[in-house]
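Remarks on the structure that follows.
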Amino acid sequence: MKTKVKSYTDKQLLNKVKSLPNFKKIPKQRWILGVRSNEDTYDSFDDKFYEFEGEKFIRVLTGTTNAGSGVLRGGFLKYNKRGVAVLKADEWYYNVWSYGLHRGKMPSLKQTGRRVKVYRDGNKNRKSEELGEYELGWFGINYHTNTYDFRLANLKVVNWLIGYWSAGCQVINNRQEYVKQIDYYKNSFEKGTQIMVSYCLINEFDTD
């Protein structure tokens with residue numbers, strides 16, 4: 001299975017993010033843009049992530065902005081009885097992440113900066129939905145890939161089923177591309193050239 005989310009030009013994406021209500025500016029350093037698929041295929045990595053440096057396109061990866069089946073259908077109860085975290089889309093989250101280890105063992109971008117907005121989906125159906133009022137806070141909404149095994153042979157695997165790999169985190173399934181991406185942030189963090197990473201999440205949209 002592969003994502004059917006639309007492809008966009010750099011200009012279309014940049015115009016869209018600049019139109020969001022809480023847009024302030026395009027970050028000068030590298031930042032990430034998530035595009036949430038309208039299709040929302042159950043338990044599938046059907047979203048896209050674009051990386052920019054300022055307004056310059058760097059790369060695009062596939063992944064998910066929604067929780068997987070294991071958490072969506074009831075596994076959320078061990079995290080929050082009100083429901084699984086669904087990050088609010090069409091929103092900028094400036095300076096939200098910095099390099100660190102997800103669960104202490106996976107190179108990732110961790111929510112160490114500003115707060116994020118999440119909805120709680122507790123109806124246990126097959127859709128990840130923005131229900132009720134959002135919460136603002138630190139919920140461990142990280143950016144990572146879908147393996148703890150970073151041996152080269154395993155990194156070549158592209159798995160399209162989310163399973164338990166997301167309980168609200170933004171998760172990449174292009175493992176080899178992810179390693180290239182996260183190595184950049186690791187090196188930048190260690191050198192002090194880029195400490196924080198901004199994120200923007202939008203819903204898939206129609207173009208003229």
Side-chain angles (χ1 to χ4, degrees), residues 1-5 22 32-49 61-93 96-149 157-175 178 182 197-204:
M1 181 180 294
K2 292 187 177 181
T3 177
K4 296 178 182 177
V5 68
N22 75 327
I32 297 169
L33 168 62
V35 180
R36 179 175 282 160
S37 168
N38 291 334
E39 188 177 20
D40 189 18
T41 303
Y42 177 62
D43 206 29
S44 174
F45 287 99
D46 65 349
D47 301 325
K48 286 184 179 179
F49 295 88
L61 306 93
T62 53
T64 184
T65 66
N66 297 318
S69 59
V71 181
L72 192 61
R73 300 297 297 276
F76 63 80
L77 291 170
K78 70 176 183 178
Y79 302 106
N80 189 305
K81 292 182 179 180
R82 293 180 55 231
V84 65
V86 180
L87 188 64
K88 184 179 184 298
D90 293 328
E91 197 83 19
W92 273 93
Y93 300 101
V96 65
W97 291 323
S98 65
Y99 175 79
L101 297 179
H102 176 68
R103 296 194 172 181
K105 52 186 176 179
M106 183 196 299
S108 70
L109 296 178
K110 297 186 65 177
Q111 189 195 353
T112 60
R114 295 182 178 175
R115 295 177 294 176
V116 300
K117 298 175 181 178
V118 302
Y119 294 91
R120 293 291 173 182
D121 182 350
N123 60 17
K124 300 182 184 180
N125 66 9
R126 296 166 66 93
K127 291 291 181 181
S128 189
E129 301 157 300
E130 295 186 348
L131 302 173
E133 298 293 324
Y134 67 75
E135 303 175 40
L136 179 65
W138 291 274
F139 306 108
I141 303 298
N142 299 337
Y143 180 90
H144 59 82
T145 190
N146 62 338
T147 185
Y148 291 117
D149 182 355
V157 175
V158 179
N159 189 331
W160 291 93
L161 294 178
I162 303 169
Y164 282 91
W165 278 108
S166 176
C169 287
Q170 313 297 281
V171 183
I172 303 301
N173 68 332
N174 308 66
R175 298 172 182 177
Y178 174 81
I182 204 65
V197 181
S198 294
Y199 180 54
C200 182
L201 174 61
I202 59 175
N203 287 310
E204 185 177 3

Restricting to non-hydrogen atoms, name the atom on [X] and the atom on [Y] that form the minimum distance, rounded to 0.1 Å.
| X | Y | result |
| --- | --- | --- |
| A67 | G168 | CB-N, 4.2 Å |
| N66 | S166 | O-OG, 3.3 Å |
| Q111 | I141 | OE1-N, 3.1 Å |
| E129 | Y119 | O-CB, 4.4 Å |
| C169 | H144 | CB-NE2, 3.4 Å |
| Y134 | K88 | CD2-CD, 4.0 Å |

Could you tell me whether the side chain of [X] and the main chain of [Y] form a donor-acceptor pair under 3.5 Å?
| X | Y | value |
| --- | --- | --- |
| D46 | T41 | yes |
| N203 | A89 | no |
| E204 | S37 | no |

Return yes if a side-chain donor-acceptor contact under 3.5 Å exists between T65 and D47, otherwise no. yes
Decide whether N173 and N146 meet the rule of one side-chain donor and one side-chain acceptor closer than 3.5 Å. no
Sub-4.5 Å side-chain heavy-atom contact between [X] and [Y]:
| X | Y | value |
| --- | --- | --- |
| I162 | V171 | no |
| D43 | R73 | no |
| T62 | F45 | no |
| W165 | N159 | no |
| T145 | I182 | no |
| V158 | N174 | no |

Residue pair Y199, F49: steps toward the side chain to side chain contact (heavy atoms under 4.5 Å, CB included) verdict: CA-CA 10 Å; Y199 180 54; F49 295 88; 3.4 Å; yes
Which is it for Y143 and I172 under the side chain to side chain contact (heavy atoms under 4.5 Å, CB included) test, yes or no, and what are the steps along the way? CA-CA 8 Å; Y143 180 90; I172 303 301; 3.4 Å; yes
Measure the [atom1]-[atom2] distance between [X] and [Y] for me, rounded to the nearest 0.5 Å.
| X | Y | atom1 | atom2 | answer |
| --- | --- | --- | --- | --- |
| K124 | R126 | NZ | CZ | 15.5 Å |
| D121 | N80 | CG | CG | 11.5 Å |
| C200 | D90 | SG | CG | 8.0 Å |
| L109 | Y99 | CG | OH | 9.0 Å |
| K110 | L101 | NZ | CG | 7.0 Å |
| Y93 | Q170 | OH | CD | 8.5 Å |

Neighbour count >12 (heavy atoms, 6.0 Å) for atom OH, Y164: no
NZ (K4) with more than 12 external heavy atoms under 6.0 Å: no
Given side chain to side chain contact (heavy atoms under 4.5 Å, CB included), test E91 with L201 step by step and report yes or no. CA-CA 6 Å; E91 197 83 19; L201 174 61; 5.8 Å; no
Going by side-chain contact (heavy atoms from CB on, under 4.5 Å), R36 matches just one of I202, T64, V5, V86. Which one? V86
Step by step, would you call R82 with L131 a side chain to side chain contact (heavy atoms under 4.5 Å, CB included)? CA-CA 11 Å; R82 293 180 55 231; L131 302 173; over 6 Å; no
